[in-house]
Enquirer: 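Provided herewith is a single structure, encoded as structure tokens, for subsequent inquiry.
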Amino acid sequence: QLQLVESGGGLVQPGGSLRLSCAASGFTLDNYAIAWLRQVPGKERVGVSCISSSGGSTNYADSVKGRFTISRDNAKNTVYLQMDSLKPEDTAVYYCAAGESRYFCSGYVDPATHDYWGQGTQVTVSS
């Protein structure tokens with residue numbers, strides 16, 4: 001079965017850190033750009049970060065710049081999202097999505113651009 005699987009979510013205090021993982025099952029990520037998105041119940045899914053297939057280009061939402069870092073290890077078929085200095089407003093379900101288009105990271109918030117996506121992992125930032 002071709003899918004993405006997120007892991008690494010949990011409960012953390014404000015100011016703490018978590019590292020999320022997005023692993024591919026049934027296919028290799030080498031040719032795919034990967035994005036992280038997040039969603040709070042009752043609100044639309046919003047973009048967080050994206051990394052090109054080579055790893056040479058990344059982008060971040062303004063709300064997470066300087067605090068989150070996206071990276072990839074194609075040998076492990078996994079993409080990571082290192083989240084530092086977490087705030088209560090970072091609480092959400094985090095999803096990863098893959099796109100083969102060279103323009104994926106420019107428009108990844110649109111679900112129509114997603115070739116594969118995961119089921120999400122819950123991140124809760126609370127004292």
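Hydrogens, waters and symmetry mates are skipped; everything else that's a heavy atom, side chains included, is used.
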Enquirer: May I ask you to test the Ser126-Leu11 pair for a side-chain heavy-atom distance under 4.5 Å?
Expert: yes
Enquirer: So with a 6.0 Å cut-off around CD of Glu89, is the heavy-atom count from everything else above 12?
Expert: yes
Enquirer: Mind listing the closest non-hydrogen atom pair of Tyr116 and Leu2 along with its distance?
Expert: OH-CD1, 3.4 Å
Enquirer: Please find the pair of heavy atoms, one from Leu86 and one from Leu18, that lie closest to each other, and give the distance.
Expert: CD1-N, 3.9 Å
Enquirer: Is it true that a side-chain atom of Arg67 and a backbone atom of Ser85 form a donor plus acceptor pair closer than 3.5 Å?
Expert: yes
Enquirer: Does a side-chain heavy-atom distance below 4.5 Å link Arg38 with Val46?
Expert: yes
Enquirer: As an exercise, state the distance from OH of Tyr80 to OG of Ser49, rounded to the nearest 0.5 Å.
Expert: 15.5 Å
Enquirer: Can you hop from Val64 to Val109 via hydrophobic side chains spaced under 4.5 Å?
Expert: no
Enquirer: Do the side-chain N and O atoms of Thr28 and Asn77 include a donor-acceptor pair separated by under 3.5 angstrom?
Expert: no
Enquirer: May I ask you to test the Ser21-Lys76 pair for a side-chain heavy-atom distance under 4.5 Å?
Expert: no
Enquirer: Nearest 0.5 Å please: distance from the OG atom of Ser7 over to the OH atom of Tyr94.
Expert: 15.0 Å
Enquirer: So if you build clusters from Ile, Leu, Val, Met, Phe, Trp, Tyr with side-chain heavy-atom gaps below 4.5 Å, do Ile51 and Trp117 land together?
Expert: no
Enquirer: Hey, does the side chain of Arg72 reach the backbone of Ser52 with a donor-acceptor pair shorter than 3.5 angstrom?
Expert: yes
Enquirer: For residues Thr69 and Tyr60, determine if any side-chain heavy atom of one lies less than 4.5 Å from a side-chain heavy atom of the other.
Expert: yes
Enquirer: Could you tell me which residues satisfy side chain to side chain donor-acceptor pair (under 3.5 Å) with Gln119, sequence neighbours excluded, listed by chain and number?
Expert: none
Enquirer: Any sub-3.5 Å donor-acceptor pair from Thr91's side-chain atoms to Val125's backbone N or O?
Expert: yes
Enquirer: Salt bridge between Lys87 and Asp90, side-chain N to carboxylate O under 4.0 Å?
Expert: no
Enquirer: Quick one: are Val79 and Cys96 in side-chain contact, heavy atoms under 4.5 Å?
Expert: no
Enquirer: With a 4.5 Å cut-off on side-chain heavy-atom distances among I, L, V, M, F, W and Y, is there a chain of contacts connecting Leu29 to Leu37?
Expert: no
Enquirer: Apply side chain to side chain donor-acceptor pair (under 3.5 Å) to Tyr95 and list each qualifying residue two or more places apart in sequence or on a separate chain.
Expert: none
Enquirer: Which heavy atom in Gln82 sits nearest to a heavy atom in Asp84, and how many Å separate them?
Expert: NE2-OD1, 2.9 Å
Enquirer: Is it the case that one hydrophobic cluster holds both Ile70 and Phe104, taking links as side-chain heavy atoms less than 4.5 Å apart, direct or via other members?
Expert: no
Enquirer: At their closest point, which heavy atom of Asn59 faces which heavy atom of Cys105, and how far apart are they?
Expert: ND2-O, 3.0 Å
Enquirer: Search all heavy atoms of Thr113 against all heavy atoms of Tyr108 and return the closest pair with its distance.
Expert: OG1-CA, 3.7 Å
Enquirer: Under 4.5 Å between any side-chain heavy atoms of Ser53 and Asn31, yes or no?
Expert: no
Enquirer: Report the distance from atom NE2 of His114 to atom CD of Glu100, rounding to the nearest 0.5 Å.
Expert: 14.5 Å
Enquirer: Taking only residues two or more places apart in sequence or in another chain, which ones pass side chain to side chain donor-acceptor pair (under 3.5 Å) with Arg19?
Expert: none
Enquirer: Is there a side-chain contact between Tyr32 and Phe27 (heavy atoms, below 4.5 Å)?
Expert: yes
Enquirer: Flag the pair Leu20 / Met83 as yes when at least one side-chain heavy-atom distance between them is below 4.5 Å, and no otherwise.
Expert: yes
Enquirer: Restricting to non-hydrogen atoms, name the atom on Ile34 and the atom on Ala98 that form the minimum distance, rounded to 0.1 Å.
Expert: CD1-CB, 3.5 Å
Enquirer: Counting N and O atoms only, with roles assigned by atom type, does the side chain of Gln13 sit under 3.5 Å from a partner on the main chain of Ser127, one being a donor and the other an acceptor?
Expert: no
